[in-house]
Amino acid sequence: MIKDYNLEKRKFVIGGTILIIGLIYLVRLFVLQVPDNDYKTFADSNAFLKKIQYPSRGLIYDRNGKLLVYNQPAYDVMMIMREVQPFDTLDFCRTIGITRDQFDRRLQMMKDRRLNPGYSAYTPQTFISQLSAEDYGRLQEKLYKFPGFFIQNRMLRQYAYPYGANVLGNIREASPRDIENDSYYIRGDYTGDLGVEKSYEKFLRGEKGVEILLRDAHGRIKGRYEDGIFDIPPQSGKNLKLSIDIDLQEYGERLMANKIGAIVAIEPSTGEILALVSSPSYDPSTLVGRSRGKNYAALNRNPYKPLYDRAIMAAYPPGSTFKPTQGLTFLQEGVITPHTMYPCYHGFVSGRLRVGCHAHGSPLSLMPAISTSCNAYFCYGLKSMVDSRSKYKSTAEAFDTWKDYMVSMGYGYRLGVDLPSESRGFIPNSNYYSKIYGEKRWRALTIISIAIGQGEVLATPLQIANLAATIANRGYFYTPHVVKEIQDTVLSADYRTKRYTKVSSDKYNYIVEGMRMAVLGGTCRVGAIPGIELCGKTGTAQNPHGKDHSAFMGFAPKDNPKIAIAVYVENAGFGATYGVPIGSLMVEKYLKGAISPERQYLEEHMLNSNTMIYSGIKGN
């Protein structure tokens with residue numbers, strides 16, 4: 001019999017087809033049963049309701065144990081889309097205080113997987129958050145009319161004081177990016193925004209729990225599954241104790257009312273920040289609840305930018321508060337001795353170049369130069385260093401050596417404070433000037449203004465206060481930080497390690513004496529405090545956009561110092577006009593608890609003065 005090869009081929013084709021179809025079915029069954037959770041989710045949602053149990057967020061205290069931030073109950077309206085049945089939409093909207101248009105928009109946003117990556121018709125979704133107690137009460141009575149909806153208990157922040165908003169921060173609803181970057185969050189969750197609420201979010205938020213409820217065939221809740229043995233209880237967030245003294249913070253904010261600028265106070269022996277004032281400020285409780293969005297938008301539109309933390313974000317010309325760094329550098333490099341004298345002809349004069357200065361004795365040495373804030377002295381010092389070819393091979397080498405000293409003293413880079421969005425300020429290097437003027441085509445006279453904290457040099461109030469703490473410690477500092485303790489957690493070693501500068505400790509004694517002389521009879525004499533040895537340095541920073549900025553930095557007592565401080569008031573004139581009085585009042589308040597009767601006139605003047613009128617800012 002002759003074999004039909006066509007029939008033989010057909011047999012293989014049919015067999016192969018059957019095999020492929022079988023494989024397709026097997027793969028599909030595997031996908032449905034193993035990787036694909038849709039059917040399991042559907043089955044589970046019929047039998048169980050898994051309710052997230054939100055933990056209590058960690059509490060926040062000040063350094064003296066005063067409660068600053070705590071929790072209050074809040075209510076979110078949740079819905080499971082698959083279980084929603086026809087209901088009176090207008091009645092629902094009236095009950096929770098929204099319009100029908102808002103209802104439709106919320107529903108659309110909830111279903112949009114770009115805005116809500118975790119959306120599923122079978123799992124609970126946040127429909128509206130932060131329901132008021134009144135709306136909650138009304139909805140609770142009618143909830144049976146709205147199948148598929150239920151209420152989820154949450155916690156909102158409550159603030160015991162209307163101060164320290166820039167330090168404390170606030171909480172907001174997690175954004176799609178937050179949800180994408182951290183699997184902890186789902187739509188409707190809250191996360192820290194600004195301040196320690198943001199930087200210590202993972203400590204404060206705790207761990208979520210789960211409650212598993214059993215349903216009947218009609219979807220009604222029949223109780224806890226297996227008496228709750230499979231429930232996971234939430235773990236509360238860790239409490240924080242801040243280094244902030246809330247009474248000093250309050251006093252600083254009151255002194256800075258109607259002024260633009262910042263105050264930073266540090267405990268030199270630990271690096272703990274005692275007060276971190278940014279002005280203008282705002283009451284942190286305005287960013288809580290359903291009105292948060294509206295209030296946040298208003299703060300964001302405010303031309304004085306109260307959301308901008310000037311204490312750590314603003315980069316200002318430090319002015320004469322920068323001069324101690326110059327004296328220390330020149331001493332360490334051997335450019336000067338404590339007794340080196342330079343003349344001052346009402347300023348620094350070299351050919352056609354002139355840097356002005358106020359009237360005082362001449363010539364003078366380092367300590368009187370600090371006391372009187374002589375511009376000429378530090379200009380001569382910088383010229384002697386940068387133009388010295390006997391010590392440095394080139395201008396660039398000399399200048400980069402200078403920069404290394406500035407960096408070691410905490411300038412030019414972020415200090416590492418435990419708050420978000422710290423600015424690094426700016427200290428140029430030789431490449432920066434070579435790009436502007438050409439390589440080997442610039443020298444000390446080209447950049448002479450940096451010797452007095454002007455020109456390209458920029459610093460944050462935090463960096464200026466840190467310099468005061470470094471001088472108080474005679475040559476080292478701790479990384480400034482606002483959190484003193486974390487519950488059941490060891491504070492990072494970064495905040496417990498001394499950071500030494502490139503200047504030996506003995507050189508600091510000359511700067512300390514000069515700063516003490518400034519208070520006894522120099523530019524800081526208005527800041528003299530009875531019974532307290534305050535050491536200080538004024539700063540008057542030129543402002544091309546208006547009136548000069550008023551600055552001050554100092555510490556007290558002279559020996560075994562307890563507080564170092566920097567004050568920066570925009571558009572307020574001479575350093576002695578606002579910077580020194582505010583700084584000395586803060587020091588006296590912290591060390592004595594009250595202002596001396598003979599200085600209360602100064603307190604009244606600072607509390608009631610207004611420098612915003614000089615800012616040149618026009619409202620909307």
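These values consider heavy atoms only, across backbone and side chains, with no hydrogens, waters or symmetry-generated copies. For clarity, every value in this text was computed on a predicted model and none was experimentally measured.
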Practice item. Compare all side-chain heavy atoms of V77 with those of F150 and state whether any distance is below 4.5 angstrom. Key: no
Check your understanding: Are side-chain heavy atoms of F149 and Y144 found at a separation under 4.5 Å?
Key -> no
Check your understanding: Do D400 side-chain atoms and S430 backbone N/O form a donor-acceptor pair below 3.5 Å?
Key -> yes
Practice item. Indicate the atoms forming the closest heavy-atom contact of G206 with P55, along with that distance. Key: C-CG, 4.1 Å
**Study point:** Check: I212 main-chain N/O paired with D231 side-chain donor or acceptor under 3.5 Å
**Key:** yes
Side-chain polar contacts of residues 63-70 - donor-acceptor pairs under 3.5 angstrom, sequence neighbours left out - could you list them?
{"residue": "R63", "atom": "NH1", "partner": "S243", "partner atom": "O", "Å": "2.7"}
{"residue": "R63", "atom": "NH1", "partner": "E272", "partner atom": "OE1", "Å": "3.2"}
{"residue": "R63", "atom": "NH2", "partner": "E272", "partner atom": "OE1", "Å": "3.2"}
{"residue": "K66", "atom": "NZ", "partner": "D247", "partner atom": "OD1", "Å": "3.2"}
{"residue": "K66", "atom": "NZ", "partner": "D247", "partner atom": "OD2", "Å": "2.7"}

Review point. Do the side-chain N and O atoms of R157 and N71 include a donor-acceptor pair separated by under 3.5 angstrom?
Key: yes
Exercise for review: Determine the interplanar angle of the Y500 and Y476 rings, folded into 0 to 90°, and report it as parallel if under 30°, tilted if 30 to 60°, perpendicular if over 60°.
Suggested key: tilted
Check your understanding: So do the side chains of E485 and L240 get within less than 4.5 Å of each other, counting heavy atoms only?
Key -> no
Practice item. Answer yes or no: is there a donor N or O on one side and an acceptor on the other, between the side chain of T286 and the main chain of D283, under 3.5 Å? Key: yes
Review point. Can you tell me how far the CZ atom of F477 sits from the CG atom of L467, to the nearest 0.5 Å?
Key: 10.0 Å
Exercise for review: For T99 and Q102, indicate whether the former's side chain and the latter's backbone hold a donor-acceptor pair under 3.5 Å.
Suggested key: yes
Review point. With no hydrogens and no angle check, do the side chains of R172 and T191 hold a donor and an acceptor under 3.5 Å apart?
Key: no
Point to revise | Y190 six-ring face occupied by R154 cation (under 6.0 Å, within 45°) | key: yes
Check your understanding: Does the N295 side chain pair with the main chain of R292, one donor and one acceptor, at a distance under 3.5 Å?
Key -> no
**Study point:** Residue pair T497 / Y478, side-chain heavy-atom distance below 4.5 Å
**Key:** no
Check your understanding: For Y184 and E207, does a side-chain donor sit closer than 3.5 Å to a side-chain acceptor?
Key -> no
Review point. Any idea which heavy atoms bring Y185 and I179 closest together, and the distance?
Key: O-CG2, 3.7 Å
Practice item. Look up atom CG in L419 and atom CG in N166, then write down how far apart they are to the nearest 0.5 Å. Key: 8.0 Å
Study note, to complete from the structure: Residue set satisfying side chain to side chain donor-acceptor pair (under 3.5 Å) with R138, at least two apart, ordered chain then number -> D135
**Study point:** Sequence-distant partners of D182, salt bridge (charged side-chain N to carboxylate O under 4.0 Å, His left out), two or more places apart
**Key:** R205
Point to revise | Least distance between heavy atoms, P461 atom then Y568 atom | key: CG-CB, 4.4 Å
Exercise for review: Name all pairs fulfilling the ring-ring contact (aromatic ring centres under 6.0 Å, His included) condition that reach into residues 267-287, sequence neighbours left out, sorted by first residue then second.
Suggested key: none
Review point. When you measure from the side chain of H549 to the backbone N and O of A541, does any donor-acceptor pair fall under 3.5 Å?
Key: no
Point to revise | Listed partners of S423 passing side chain to side chain donor-acceptor pair (under 3.5 Å), at least two apart | key: none
Review point. Heavy-atom distance under 4.5 Å between the side chains of P420 and S199, does that happen here?
Key: yes
Check your understanding: Which distance, rounded to the nearest 0.5 Å, do you find between the CE of M109 and the CG of L107?
Key -> 11.5 Å
**Study point:** Short side-chain to backbone donor-acceptor contact, E211 and I52, under 3.5 Å
**Key:** no
Review point. Looking at side-chain heavy atoms only, is the closest gap between V196 and V482 below 4.5 Å?
Key: yes
Check your understanding: Could you state the interatomic distance from OG (S285) to CG (L156), rounded to the nearest 0.5 Å?
Key -> 12.0 Å
Point to revise | side chain to side chain donor-acceptor pair (under 3.5 Å) involving S175 - partner list, sequence neighbours excluded | key: D178
**Study point:** side-chain contact (heavy atoms from CB on, under 4.5 Å) between V210 and F230, intermediate numbers included
**Key:** CA-CA 9 Å; V210 178; F230 295 105; over 6 Å; no
Point to revise | Side-chain donor/acceptor of E422 to backbone N/O of L415, under 3.5 Å | key: yes
Check your understanding: Can you find a heavy atom in the side chain of S408 that is under 4.5 Å from one in the side chain of R499?
Key -> no
Exercise for review: Could you list all the side-chain hydrogen bond (donor to acceptor under 3.5 Å, both in side chains) pairs where at least one residue sits in residues 409-421, not counting sequence neighbours?
Suggested key: Y200-D418
Exercise for review: Dump the intermediate steps for side-chain contact (heavy atoms from CB on, under 4.5 Å) on L287 and L299, then the final yes or no.
Suggested key: CA-CA 10 Å; L287 297 184; L299 289 170; 4.0 Å; yes
Review point. Any chance the side chains of Y433 and E456 put a donor and an acceptor closer than 3.5 Å?
Key: yes
Point to revise | Y163 side chain near P284 side chain, heavy-atom distance below 4.5 Å | key: no
Check your understanding: Atom CD1 in I427, atom CG in L458: separation rounded to 0.5 Å?
Key -> 8.0 Å
Exercise for review: Measure across V490 and R496 and return the closest heavy-atom pair with its distance rounded to 0.1 Å.
Suggested key: CG1-NH2, 3.8 Å
Point to revise | Test item: E197 side-chain N/O and G169 main-chain N/O as donor-acceptor pair under 3.5 Å | key: no
Exercise for review: With sequence neighbours excluded, tell me which residues meet side chain to side chain donor-acceptor pair (under 3.5 Å) with N181.
Suggested key: none
Point to revise | Spacing of I232 atom CD1 and K208 atom NZ [to the nearest 0.5 Å] | key: 12.5 Å
Practice item. Would you please name every residue forming a salt bridge (charged side-chain N to carboxylate O under 4.0 Å, His left out) with D91, sequence neighbours left out? Key: K142, K145
Check your understanding: Pairs in or reaching into residues 94-112: which pass salt bridge (Lys or Arg N to Asp or Glu O under 4.0 Å), with residues at least two apart or in two chains?
Key -> R100-D104, D101-R105, D112-R114
Check your understanding: Under the side-chain contact (heavy atoms from CB on, under 4.5 Å) test, which residues partner K305, sequence neighbours left out?
Key -> Y308, R310
Review point. Is a side-chain N or O of Q158 found less than 3.5 angstrom from the main chain of Q72, in a donor-acceptor match?
Key: no
Hey, can you pull the donor-acceptor pairs under 3.5 Å for the side chains in residues 248-262, sequence neighbours left out?
{"residue": "Q249", "atom": "OE1", "partner": "L276", "partner atom": "N", "Å": "2.8"}
{"residue": "Q249", "atom": "NE2", "partner": "E253", "partner atom": "OE2", "Å": "3.0"}
{"residue": "Q249", "atom": "NE2", "partner": "L276", "partner atom": "O", "Å": "3.0"}
{"residue": "Y251", "atom": "OH", "partner": "E603", "partner atom": "OE2", "Å": "2.8"}
{"residue": "E253", "atom": "OE2", "partner": "G164", "partner atom": "N", "Å": "2.7"}
{"residue": "K259", "atom": "NZ", "partner": "L255", "partner atom": "O", "Å": "2.7"}
{"residue": "K259", "atom": "NZ", "partner": "A257", "partner atom": "O", "Å": "3.1"}
{"residue": "K259", "atom": "NZ", "partner": "M606", "partner atom": "O", "Å": "2.6"}
{"residue": "K259", "atom": "NZ", "partner": "S609", "partner atom": "O", "Å": "3.3"}
{"residue": "K259", "atom": "NZ", "partner": "S609", "partner atom": "OG", "Å": "3.3"}

**Study point:** Test log, rule side-chain hydrogen bond (donor to acceptor under 3.5 Å, both in side chains), inputs Y316 and E570
**Key:** CA-CA 9 Å; Y316 297 111; E570 295 182 25; 2.6 Å; yes
Point to revise | Face-on cation placement of K238 at F203 ring, 6.0 Å and 45° thresholds | key: no
Exercise for review: Using the six-membered ring wherever Trp is involved, compare the ring planes of F127 and F103 and label them parallel, tilted or perpendicular (cut-offs 30° and 60°).
Suggested key: tilted
